Every structure is written in structure tokens, then in C-alpha cells.
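Inspection log for the structure reproduced underneath, given as C-alpha cells.
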Amino acid sequence: MTVLRFHNVSKTYQSESGNKTAALFNVSLEVRQGDFLAVVGPSGSGKSTLLHLMGGLDRPTGGDISFASESITRSFNDLSERELARLRGSEIGIMYQGFHLLPTMRAWENVALPLVFRKISLNERKKQAEELLEDLGLQQRLNHYPSQLSGGEQQRVALARAVISKPTLLLADEPTGNLDSVSADYVLDLLRTIHKRYRLATVIVTHDQRVADIASKTITIVDGRNYDRPSMNDSRARS
């Protein structure tokens, strides 16, 4: 099943002075259920813009983005801002490079936050968040605040928050970018485990070649244009 489809998507930004900057040009791609997709490219190539568009955090200036799951099939162009926010809350999980954890909330509270919008009781939110954090090896950090956690631990909390709603699509922006090599390898292993367990369509924007090596497919973005190429892990590439 196709989860996300871009058809000739372009994005142009306009400054207050009226200057226009083109970030993406006629990008077409498809993300299917179970895909593990790496998006690579140099700084300024349009990778982050692509991720923001995939997550409904921004809107294209040209082309169409459509999303499909078991419960919804809609074009982003047809959704209001409220509907987009509801889609992100229920169907799309996002991991940010800077973690974006709320400093005044404990680890389990950060993870449980997406469940608030689904009107799940506090006790059930706490139970689900703690079980997921324990599954990610953070059973001793449930009541710690972000400032009390290492970078790798914060990224695991961010991963738990992104997947607690069991989304259809998981997006990760440079998930290893702020981590040492040991923590980065651990987070990559967790991403693979989560991907296989829930069969999530997973898209990772990265500079890290290790991420590209474990992906089933790689898309290279250069000057706002996409170039598909199979991954080393794609059986079709080895045949």
C-alpha cells in the first residue's frame, strides 16, 4: 500500500523583501508501507524541506502530496491546518534532530504527550509511555527530566514519543546528528527494530552513511531535485 505520494512537488520561499528561493523542483516519489527510506544530500539541497512537506509541517507551492492509511486517504492540499494537525497527531510520527523535548516534563510525560490529543486517560497514558520506554532500555529514566538525560537517552525518548501513537509513517530528521558513534549505532538499531515490529513506513533524512546502508531505498536530493537509487539492502539491487 502506498502511504505517501509526491507528484511534481515544488517549494519556493519568499522573503519579506520579495526575493524568492526555490528549495524543491518537481519532486515525485512514493513511500510504501514497510519501506525504510533514507534521504541523503549535501547541506542546502532541500532535504529538510522535503521532510517538512512529508510531515504536513509545510505546504507545497506546486504539485500534490497525498497520504493514505487504513483510516484516511486525502491530499494535503485539501486539508485545513486543523486537519493537518490531527493527521500528524494520529498518523505521522516525527523525530527531530534537536529532540524537541519539553524541559519541564519528565521522560514518560514527554512520551505520553501525543496521547493527550486522543483523549486517553492519564493512567493509561502513563502506562503506555512507561512500557515503551522500558522497551527502549530506559526503565531507570522514566522520571528524569531532559536535562538529566544524555543525548542518546533524549533521542530514545524522542523516538518513543514519535511512535507511541502507532503512526502509519515515521519521519526522522538527522536522528544520529547530535550523537557520538556508540549512541548513534544504538539508536539506528532501535529504529530498525521499531520499523520491523510495527511495519512502519520510515523516512530518515541524514548525512550519515550508516543510515543509508541499512535503508531499503535511498533518495538523493541535489539542488532540490530527487534521484532514486537502490540501497545495498534492496534485494533487487543484488539480483
Side-chain angles (χ1 to χ4, degrees), residues 11 13 21 23-24 36-59 81 84-85 87-117 129 132-133 136-138 141-165 167 169-195 200-212 214-215 219 221 224:
K11 179 64 181 180
Y13 294 99
T21 302
L24 292 178
F36 196 114
L37 176 66
V39 179
V40 300
S43 297
S45 61
K47 301 191 307 298
S48 293
T49 297
L50 180 68
L51 189 82
H52 290 164
L53 291 172
M54 285 181 166
L57 299 169
D58 204 350
R59 291 182 182 271
E81 292 301 326
L84 271 177
L87 178 67
R88 289 194 298 270
S90 62
E91 300 283 357
I92 302 173
I94 305 177
M95 285 178 68
Y96 299 95
Q97 181 179 4
F99 313 136
H100 288 199
L101 302 178
L102 297 179
T104 58
M105 285 188 171
R106 289 166 289 183
W108 76 262
E109 291 172 315
N110 268 284
V111 174
L113 189 59
L115 300 181
V116 172
F117 306 105
L132 184 52
L133 285 170
L136 297 182
L138 292 172
R141 297 289 187 267
L142 302 177
N143 292 303
H144 285 58
Y145 293 93
S147 62
Q148 299 172 311
L149 302 174
S150 68
E153 289 170 339
Q154 290 186 63
Q155 191 61 292
R156 278 185 273 168
V157 173
L159 173 58
R161 182 184 58 190
V163 302
I164 194 168
S165 295
L169 176 66
L170 174 63
L171 304 175
D173 185 9
E174 296 284 2
T176 61
N178 292 331
L179 307 179
D180 60 74
S181 60
V182 174
S183 297
D185 286 340
Y186 190 70
V187 167
L188 287 181
D189 285 341
L190 289 176
L191 278 167
R192 273 191 297 192
T193 299
I194 292 292
H195 168 256
L200 295 178
T202 302
V203 180
I204 302 178
V205 166
T206 184
H207 285 95
D208 192 337
Q209 185 58 43
R210 290 171 297 181
V211 178
I214 68 173
I219 289 180
I221 299 291

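Fair warning: this is a prediction, and the values are worked out from it, not measured in the lab.
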Problem - Expected output: side-chain Thr202 to main-chain Leu200 donor-acceptor under 3.5 Å - result: yes
Exercise for the section: Mind checking salt bridge (Lys or Arg N to Asp or Glu O under 4.0 Å) for Asp180 and listing every partner two or more places apart, or none if nothing turns up? Expected result: none
Exercise for the section: Supply the atom-to-atom distance Arg106 CZ to Leu142 CG, rounded to the nearest 0.5 angstrom. Expected result: 10.0 Å
Handout entry: Shortest non-hydrogen contact between Ile164 and Ala112, atoms and distance
Key = CD1-CA, 4.4 Å
Practice task
Could you tell me whether a side-chain N or O of Ser150 sits under 3.5 Å from a main-chain N or O of Glu153, the two making a donor and an acceptor?
Solution key: yes
Exercise for the section: Begin with the C-alpha distance, continue with both residues' side-chain angles, and end with the deciding distance and a verdict on side chain to side chain contact (heavy atoms under 4.5 Å, CB included) for Tyr145 and Thr104. Expected result: CA-CA 7 Å; Tyr145 293 93; Thr104 58; 5.5 Å; no
Handout entry: Whether Lys11 side chain and Ala23 backbone form a donor-acceptor pair below 3.5 Å
Key = no
Practice task
Test Asn110 against Phe99 for side chain to side chain contact (heavy atoms under 4.5 Å, CB included), laying out the working first.
Solution key: CA-CA 11 Å; Asn110 268 284; Phe99 313 136; over 6 Å; no
Exercise for the section: Rounded to the nearest 0.5 Å, what's the gap from NE2 on His195 to CG on Leu191? Could you check? Expected result: 10.0 Å
Handout entry: Residue pair Val203 / Leu50, side-chain heavy-atom distance below 4.5 Å
Key = no
Problem - Contacts of His52 that satisfy ring-ring contact (aromatic ring centres under 6.0 Å, His included) - sequence neighbours left out - result: none
Fill in the blank from the handout: OG of Ser48 to CD1 of Ile221, rounded to nearest 0.5 Å, is 11.0 Å
Practice task
Heavy atoms only: give me the nearest Ala212-Ala38 pair and the separation to one decimal.
Solution key: CA-CB, 3.9 Å
Handout entry: Nearest heavy-atom neighbours spanning Ala160 and Leu133
Key = CB-CD2, 4.0 Å
Fill in the blank from the handout: For Leu51, the side chain to side chain contact (heavy atoms under 4.5 Å, CB included) test, sequence neighbours excluded, returns Leu171, Asp173, Val205
Problem - Arg88 vs Leu57 side-chain heavy atoms within contact, under 4.5 Å - result: yes
Practice task
Would you mind reporting whether Pro146 and Val157 have side-chain heavy atoms less than 4.5 Å apart?
Solution key: no
Practice task
Determine, stepwise, if the pair Arg59 / Glu81 fulfils side chain to side chain contact (heavy atoms under 4.5 Å, CB included).
Solution key: CA-CA 10 Å; Arg59 291 182 182 271; Glu81 292 301 326; 2.9 Å; yes
Practice task
Report the C-alpha separation of Tyr186 and Gln155 in whole Å, then their side-chain angles, then the decisive distance to 0.1 Å, and conclude whether the side chain to side chain contact (heavy atoms under 4.5 Å, CB included) test is met.
Solution key: CA-CA 10 Å; Tyr186 190 70; Gln155 191 61 292; over 6 Å; no
Exercise for the section: Check for a donor-acceptor pair, side chain of Glu174 on one end and backbone N or O of His207 on the other, with a separation under 3.5 Å. Expected result: yes
Fill in the blank from the handout: Rounded to the nearest 0.5 angstrom, the CG-CG distance for Leu138 and Leu159 is 10.0 Å
Exercise for the section: To the nearest 0.5 angstrom, please state how far the OG1 atom of Thr176 sits from the CG atom of Asp185. Expected result: 9.0 Å
Practice task
Return the minimal non-hydrogen interatomic distance between Val39 and Lys47, and the atom names on each side.
Solution key: O-CD, 3.7 Å
Exercise for the section: Mark yes or no for whether Arg161, through its side chain, and Leu113, through its backbone, hold a donor-acceptor pair below 3.5 Å. Expected result: no
Fill in the blank from the handout: To the nearest 0.5 Å, atom NE2 of His100 lies from atom CG of Leu102 at 10.5 Å
Problem - Minimum heavy-atom distance between Ser165 and Leu115, given as atom pair plus value - result: OG-CD2, 4.0 Å
Completion exercise
Leu188 and Arg210 have their tightest heavy-atom pair at CD1-CB, 3.9 Å
